[in-house]
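Here is the structure we will look at, set down as structure tokens.
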Amino acid sequence: MEDRNKRPENMERLRTPAQAEAFIAEQIAQIRAQVGEQKVLLALSGGVDSSVVAALLIRAIGKQLVCVHVNHGLLRKGEPEQVIEVFRNQMDANLIYVDAVDRFLDKLAGVAEPEQKRKIIGAEFIRVFEEEARKLEGIRFLAQGTIYPDILESGPVKAHHNVGGLPEDLQFELVEPVRLLFKDEVRVVGTALGLPDSMVYRQPFPDPGLGVRCLGAITRDRLEAVRESDAILREEFAKNGLQGQVWQYFTVVPDFKSVGIRDEARTFEYPVILRAVNTVDAMTATVPDIPFSLLQHITQRITAEVKGVNRVLYDLTPKPTGTIEWE
Ligand code: XMP
């Protein structure tokens, strides 16, 4: 029997809008045949893969798709708003927005160990999703943005597109329309479906989100500093033509302070670390040569605009010996 999770050897690499349209038409037919008149649930993070799956399902079955967007408080600036704008306002999707910020931050309070933080975030996510699924009752299908590298499990990009870990009595039949596609192909399909470039070309973002960039035990003030400095870094990289050129870039806020000076008074505040890397498969990475004047400008903006920050550092470490993330 044909393995539905194996990419056929003769499958062409999907590159052109025409190929994307053909793929979309084929998937729409398959999705309709699979789910009929039934409802389908989707955990919509706003990342490339779940967004493309959402857009595809909206085309195929419209309001039969129920999207659940969980805001765990660890998303980048503007992300929950963009999910609501694109899917609810522009695509008229059935979207449930769950504000779980306090819940996640309460669970994470005082937890400093990185793997423990990841576990708490993952487990809490499943719990929130489970609660939403139970409220909806009677949904048999679950859509997921599984892509081919997830099936091959290649590389250390720990993105996993599943809500595995749901209790036994809450089992679904899976709908995984992009499971045979590589990331670049998913992007071509996303563009053909009318998703904005800012969503389609988003850089990789770890599942635990900003949680692993607010080092040690997460506090709300440092989390805001990560979010605000990350937004400035992204804005400046975009303005200066580096968006799409540099593979991944973000900021990190450690859990120690240093002495500084502002308006002739001594300060004792957090530093922000800038991280930018280029890589092919995330197994190894190099640090790009960012123009010094841009680094100076970003430093100036972050120290002027981000509350509680008096110092900015640029991480020069390739992988190895540094991993891409700090935790
Ligand atoms: P490292 O830090 O291991 O990161 O060099 C390699 C790539 O994986 C991402 N990453 C994660 N992705 N869950 C994820 O979904 C995680 O826990 C996680 N940790 C790291 C990281 O952003 C980089 O792209």
Side-chain angles (χ1 to χ4, degrees), residues 43-53 69-77 79 104 107-108 111-126 129 144-165 178-179 182-184 186-187 199 201-216 218 223 226-227 229-231 233-234 237 242-254 273-288 314-327:
L44 175 59
S45 68
V48 183
D49 307 320
S50 67
S51 295
V52 170
V53 167
H69 178 62
V70 178
N71 181 359
H72 53 24
L74 307 169
L75 299 168
R76 285 174 289 204
K77 188 172 178 174
E79 283 184 339
F104 276 82
K107 276 257 148 67
L108 286 162
V111 181
E113 208 280 309
E115 288 313 311
Q116 189 62 18
K117 285 164 70 178
R118 278 193 172 77
K119 270 196 200 126
I120 291 173
I121 296 165
E124 198 59 18
F125 183 85
I126 298 295
F129 190 76
Q144 292 191 154
T146 311
I147 66 172
Y148 207 44
D150 298 328
I151 290 174
L152 299 174
E153 284 182 325
S154 62
V157 182
K158 297 154 200 150
H160 51 77
H161 295 282
N162 65 65
V163 273
V178 299
R179 72 184 177 282
F182 288 101
K183 197 78 171 193
D184 54 310
V186 177
R187 293 200 161 109
M199 217 166 222
Y201 290 97
R202 255 167 60 153
Q203 45 175 324
F205 188 55
D207 286 335
L210 302 181
V212 291
R213 297 174 183 171
C214 182
L215 304 186
I218 297 170
L223 186 57
V226 180
R227 201 182 334 263
S229 57
D230 172 76
L233 180 71
R234 285 190 290 133
F237 268 40
L242 295 172
Q243 184 178 297
Q245 300 298 314
V246 177
W247 195 77
Q248 194 175 13
Y249 44 94
F250 53 87
T251 61
V252 173
V253 175
I273 298 158
L274 311 178
R275 183 80 169 133
V277 293
N278 278 327
T279 178
V280 176
D281 56 10
M283 304 279 274
T284 62
T286 56
V287 176
Y314 184 45
D315 183 352
L316 292 172
T317 321
K319 177 181 179 178
T321 53
T323 46
I324 296 174
E325 303 287 345
W326 270 56
E327 277 193 344

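Every value quoted in this text rests on a predicted model; they were computed, and no experiment measured them. All values below were derived from every heavy atom in this structure, side-chain atoms included, with hydrogens, water molecules and symmetry-related copies excluded. Order of listing sets the numbers, starting from 1, for every ligand and every atom in it. Numbers here are sequence positions counted from 1.
One finds a salt bridge joining D49 and K183 here, because a Lys/Arg side-chain nitrogen approaches an Asp/Glu carboxylate oxygen to under 4.0 Å.
Below 4.0 Å from some heavy atom of K319 lie the following atoms of ligand 1, by number and element: 1 (P), 3 (O), 5 (O). For ligand 1 and W247, the ligand atoms under 4.0 Å from any heavy atom of the residue are 24 (O).
Between I324 and ligand 1, at least one pair of N/O atoms sits closer than 3.5 Å. Between R118 and ligand 1, at least one N/O pair is under 3.5 Å apart. Looking at ligand 1, you'll find an N or O of D207 within less than 3.5 Å of one of its N or O atoms.
Qualifying salt bridge (Lys or Arg N to Asp or Glu O under 4.0 Å) partners for R234, counting only residues two or more places apart in sequence or in other chains: D230. Applying the side chain to side chain contact (heavy atoms under 4.5 Å, CB included) test to Q116 and every residue at least two apart in sequence or in another chain returns V111, E113, I120.
If you look at P208 next to ligand 1, the close heavy atoms, those under 4.0 Å, all belong to the side chain.
In this structure, F237 and Y249 have tilted ring planes: the angle between them lies in the 30° to 60° band.
Checked by atom type and distance alone, the side chain of R118 never pairs as donor or acceptor with a backbone atom of V212 at under 3.5 Å.
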